[in-house]
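Okay, structure first, notes after.
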Amino acid sequence: MSIYDTLNEPQREAVFHTDGPLLILAGAGSGKTRVLTHRIAYLIEERGVNPWNILAITFTNKAAGEMRQRVDSLVGFGSESIWVSTFHSMCVRILRRFIDRLGYENRFTIYDTDDQKTLMKEVCRKVDIDTKQFKERMLLSVISSAKNELISPEEFELNAGGDFGQKKIARAYREYEAQLKANNALDFDDLLVKTVHLLSTQPDVLENYQERFRYIMVDEYQDTNTVQFKLVSLLAGKYRNLCVVGDDDQSIYKFRGANIRNILDFEKEFPDAEVIKLEQNYRSTENILNAANSVIRNNLGRKDKTLWTDNGEGEKISLRQFDNGYEEAEFIAEDIRKGVREGAAYNDNAVLYRTNAQSRLFEEKFVAMNIPYKIVGGVNFYARREIKDILAYLKTVDNGQDDLAVRRIINVPKRGIGLTTVNRIQESADMRGISFYEALTAPDLIPGVGRSASKLDSFAALIEYFRGQSEKESLTDLLNEIIEQTGYIQSLEGDDPEDTAARIQNIDELISKAAAYEEDCEDRGEQASLSGFLEEVALVADIDSLDEEQDYVVLMTLHSAKGLEFPHVYLAGMEDGLFPSYMTITGDDPEELEEERRLCYVGITRAEKKLTLTSARSRMIRGDVQYNKLSRFVKEIPRDLLDMGNSGRGAFGRRRDSGSSEFSDSSGFSAGSEKSAGSSAGSLSYNKLVSGRQPFSALQKGSQLRAEKTDKLAYQAGDRVRHVKFGEGTVLEIREGGRDFEVTVDFDNAGVRKMFAMFAKLVKIS
DNA sequence: AGCTACGCTTTTTTT
DNA sequence: AAGCGTAGCT
C-alpha cells in the first residue's frame with residue numbers, strides 16, 4: 001500500500017515517468033495537481049532526487065504555495081528546498097543575482113502597467129509621437145508582443161522596413177527601452193526577456209541553473225508564451241527532464257502572448273517526448289461535464305479529448321434570464337442566501353463574469369443583503385492610488401534612480417512644486433545624464449527654478465531624513481513615519497472626504513502586509529529589507545489573496561477562476577456582446593471567438609455540483625443601455641441538460657415578464673428606485689430602464705435592506721448548537737452587528753466559523 | 001506658477 | 001461612471 005495506489009492508471013504512468021521529456025494533456029478537473037505533487041514526492045522518495053534539484057513552475061503565487069504545502073504533507077521533509085514559483089518570481093530571483101552581467105544594477109525596480117503607461121507618455125513626448133494617433137496602450141501592447149516573441153528594438157526597426165507607422169513604433173520601442181534602463185527598471189515582460197538573454201549569453205550562469213534544475217515541471221503549459229518556452233528549453237537543455245502539464249482547451253491568454261503552439265511544438269522540440277492524456281474528471285457531475293463538452297466541441301483544431309466522469313448525473317444546469325443586470329444580481333444574491341439557509345456555506349458559491357465592471361451590481365446587492373463576499377481582481381490592491389503613493393516613497397527612499405517614483409510623490413501631498421518645475425528638473429537631468437532625484441538635490445544648477453529651489457531643498461531633506469531612518473528602524477516604523485511626516489492622511493481628507501476612510505483602510509492593510517513580510521523574513525532567518533518588500537509587492541496577483549478558509553462568496557472574472565473549483569458556480573452575463581465580447585463577434589478573427597469559447601469551457605468546468613447560468617436582456621454599459629441576446633454559448637448546450645425555471649418559455653424565446661415569482665422579495669431594489677425620479681415601487685420595469693438612466697448613487701445609498709433582526713437569540717455564548725451543514729459546535733461569541741447578530745461558533749468537525757444568526761439557523765441542543 | 005473645473009475617451013481578459 | 005487632459009482662474 002502506497003500513496004500512489006490512489007491514482008488511476010494514466011496518472012500513475014505520468015508520476016512514474018520521471019526521466020526525459022513528458023507532455024501531460026490534462027483535461028479540466030482530471031487531477032493534474034495531484035499528479036504533479038505525487039510526481040515530486042516520487043522523485044524525492046523513490047528516486048532519491050535531491051529536492052534542491054527540482055523546479056516547479058506554476059501560474060500564480062497561490063498555486064505555488066498550495067503545491068508546496070501538498071508536497072509537504074506527502075513527503076514530510078525537504079519540500080522547502082524545492083523551487084516552486086511563478087515564471088516571474090523565478091526570473092526575479094535569477095536576475096537579482098546576475099543581471100549586472102547585462103549592465104543593470106542588481107537592485108532594479110519592477111514597473112507595473114501603470115508605470116509603463118506613465119513612462120510611455122514620456123517617451124511619446126520625447127520622440128514626438130502624437131498620442132491621439134498612437135495610443136500609449138496600443139504602443140505598449142505592440143511592444144509587449146514584440147518582447148514576448150523575443151524581438152529586439154533593432155530587429156523591430158528592421159522589420160518595419162519603409163512603413164511609416166511601424167518605424168514610428170520602432171522609435172518608441174527603442175526609446176522606451178532606453179528609459180527603462182536609465183531608471184534601472186524592468187517591466188513584466190523584461191523579467192522573462194532579460195533572463196533568457198542572460199542565460200543565452202552567459203554560459204556559466206546557464207550551466208549553473210541547468211545543474212541545479214535537473215527536474216523541471218511546468219503547470220498550465222497552454223498559457224505559456226514564446227519567451228517562457230525559450231526559458232524552459234534553456235533550463236532543461238542539459239538534463240531534458242522536463243514535464244509540462246496543460247490543456248489546450250483551457251488556453252485563455254492569447255491576448256497576452258500565450259501560444260498554443262507551445263503544446264503542439266513540444267513534441268517537435270523534444271521528439272522523444274512521451275504524451276499522456278488524463279481524461280477522467282473527478283470534479284464535476286455528468287450534466288456539467290456534458291454541457292462543457294458540447295460547448296467546446298464547436299472549436300476546430302483542438303487536440304481530441306473525451307472527458308468523462310463517474311460522479312453521476314447530478315442536477316440540471318439552471319438557466320435564468322432577466323430584464324436587466326439588477327434583477328440578475330438580485331436573483332443570484334437571493335439564490336445564494338437560499339442555499340445558505342439550506343445548509344450551504346457562503347464559500348461554496350462563486351460568481352464568475354466576463355468583465356470586472358460587472359462586479360459592481362453584485363457588490364451592491366451583497367452589501368444590501370448582508371452576504372459576505374470577496375471580489376478578486378478589478379483594481380489591483382497595489383495599483384490603488386494611495387498604495388502607489390506610499391510605495392513610491394519607499395522606492396525613492398530605497399533607490400533614487402526610479403524617476404517615475406520620485407516624480408509621483410514630489411508634489412504629493414502638495415508642496416507647491418508644480419509641473420513647470422518638474423519639467424525643468426527633468427530637462428536638466430536629461431541634459432546632464434543624471435537621475436531626476438540627483439538633479440533636484442542641486443536646484444541651483446537648474447535654470448529657471450529660482451523660487452522653487454527652497455521647496456526642492458526641503459523635499460530632498462525629507463527624503464534624506466527617511467533614508468537615515470530606514471537604516472535604523474523597521475520597515476513598519478518607516479512606513480508609519482512616512483505617513484506621519486508627510487501628512488499624507490490629512491491631505492487625503494482634503495482631497496476627497498468621500499473615500500478617505502477606504503483609503504486609510506488600504507494604507508493600514510499595506511502596513512500589516514509589511515509587518516507580515518518582516519515576520520516572514522524573521523522566520524526564514526533572512527534580513528528584511530526595503531527592496532525585498534518592494535519586490536514581493538510587485539509580483540502579487542489578486543488571486544493570491546484568496547483564502548479558502550474564509551466563509552465568503554467569491555466574485556471574479558472567468559480568467560481569474562482558472563484552476564479553482566466551487567460546489568456552486570454562477571456564470572453571470574451570458575449575453576452575446578458581453579460574453580462572447582462584442583469585439584470578438586464583430587472582429588474577423590475566428591480564433592478570438594474560439595478563445596472566448598474556451599473561456600466559457602473554463603467557467604463551466606469550475607462547477608462541482610451545480611451550475612447556474614444567468615443573463616440580462618438589457619444592461620448598462622459605459623453609461624448607456626445595451627440590449628443583448630442570450631449568449632451563443634448557452635445555445636450550444638443541449639436543452640435537455642437545462643432547467644429553465646418555472647416560466648417554461650423564455651430561455652430561448654422572447655423575453656419574459658419582468659420580475660419573477662420565486663424570488664419576489666421586492667427588497668433593496670424598490671427602496672432604491674423610490675428615491676429615483678419618481679419611478680414606481682416594485683421591481684424596475686423594462687421601459688423605465690430605456691427612458692432614463694438609473695441613478696446609481698441613489699440606489700447605492702438608499703437601498704440598504706432592512707433585514708428583520710430578531711431581538712433575542714435562543715442561545716448564548718457557551719451553549720451547544722447544531723448547524724444543518726457544519727454539525728454540532730460550541731458558541732464562542734455573539735456580537736451585535738448592525739443588522740443581525742454575528743455568531744462565532746467552534747464546530748467540532750468544521751472548525752471556527754463566523755455567521756449571521758439570521759442565516760445560520762442554529763438550534764440549541766442539550 | 002500652481003490649482004481647479006469641465007469636457008472628453010475609455011478596457012475584455014493579467015503576470 | 002470614472003479618469004485624464006486642457007484651459008481658465010487665482
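Reckoned from all heavy atoms, side chains included, excluding hydrogens, waters and symmetry mates. Predicted, not measured: the structure shown is a model, and the values here were computed from it. In the text below, chain A, chain B and the rest are named by the order of the sequence lines, each starting its count at 1.
At a threshold of 4.0 angstrom between heavy atoms, the contacts of A/Ser89 with the nucleic acid are absent. Residue A/Asp112 is out of contact with every strand shown, counting any heavy-atom pair closer than 4.0 Å. Note on A/Arg415: nothing from the nucleic acid sits closer than 4.0 angstrom, heavy atoms only.
Between A/Tyr373 and A/Phe366, the ring-plane angle classifies as perpendicular under the 30° and 60° cut-offs.
Annotation: side-chain hydrogen bond (donor to acceptor under 3.5 Å, both in side chains) contacts of A/Arg125 (sequence neighbours excluded): none. Applying the salt bridge (Lys or Arg N to Asp or Glu O under 4.0 Å) criterion to A/Arg93, with sequence neighbours excluded, gives no partner residue. Here A/Asp187 pairs with A/Lys147 under the salt bridge (Lys or Arg N to Asp or Glu O under 4.0 Å) rule; sequence neighbours left out. Residues that satisfy the side chain to side chain contact (heavy atoms under 4.5 Å, CB included) test with A/Ala146, not counting sequence neighbours, are A/Ile151, A/Phe156, A/Tyr173. Annotation: side-chain hydrogen bond (donor to acceptor under 3.5 Å, both in side chains) contacts of A/Thr33 (sequence neighbours excluded): none. Shown here are the salt bridge (Lys or Arg N to Asp or Glu O under 4.0 Å) partners of A/Lys194, two or more places apart in sequence or in another chain: A/Glu177.
Legend: salt bridge (Lys or Arg N to Asp or Glu O under 4.0 Å) pairs involving residues 217-228 of chain A, not counting sequence neighbours, sorted by first then second residue: A/Lys32-A/Asp219, A/Lys32-A/Glu220, A/Glu220-A/Lys562, A/Asp223-A/Lys562.
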Can you build the contact string for nucleotides 2-10 of chain C? Use B for base contact, S for sugar-phosphate-only contact, and - for no protein heavy atom under 4.0 Å.
S--S-----

Mark up nucleotides 10-15 of chain B, 5' to 3', with B wherever a protein heavy atom is under 4.0 angstrom from a base atom, S wherever such an atom reaches only the sugar-phosphate, and - elsewhere.
BSBBBB

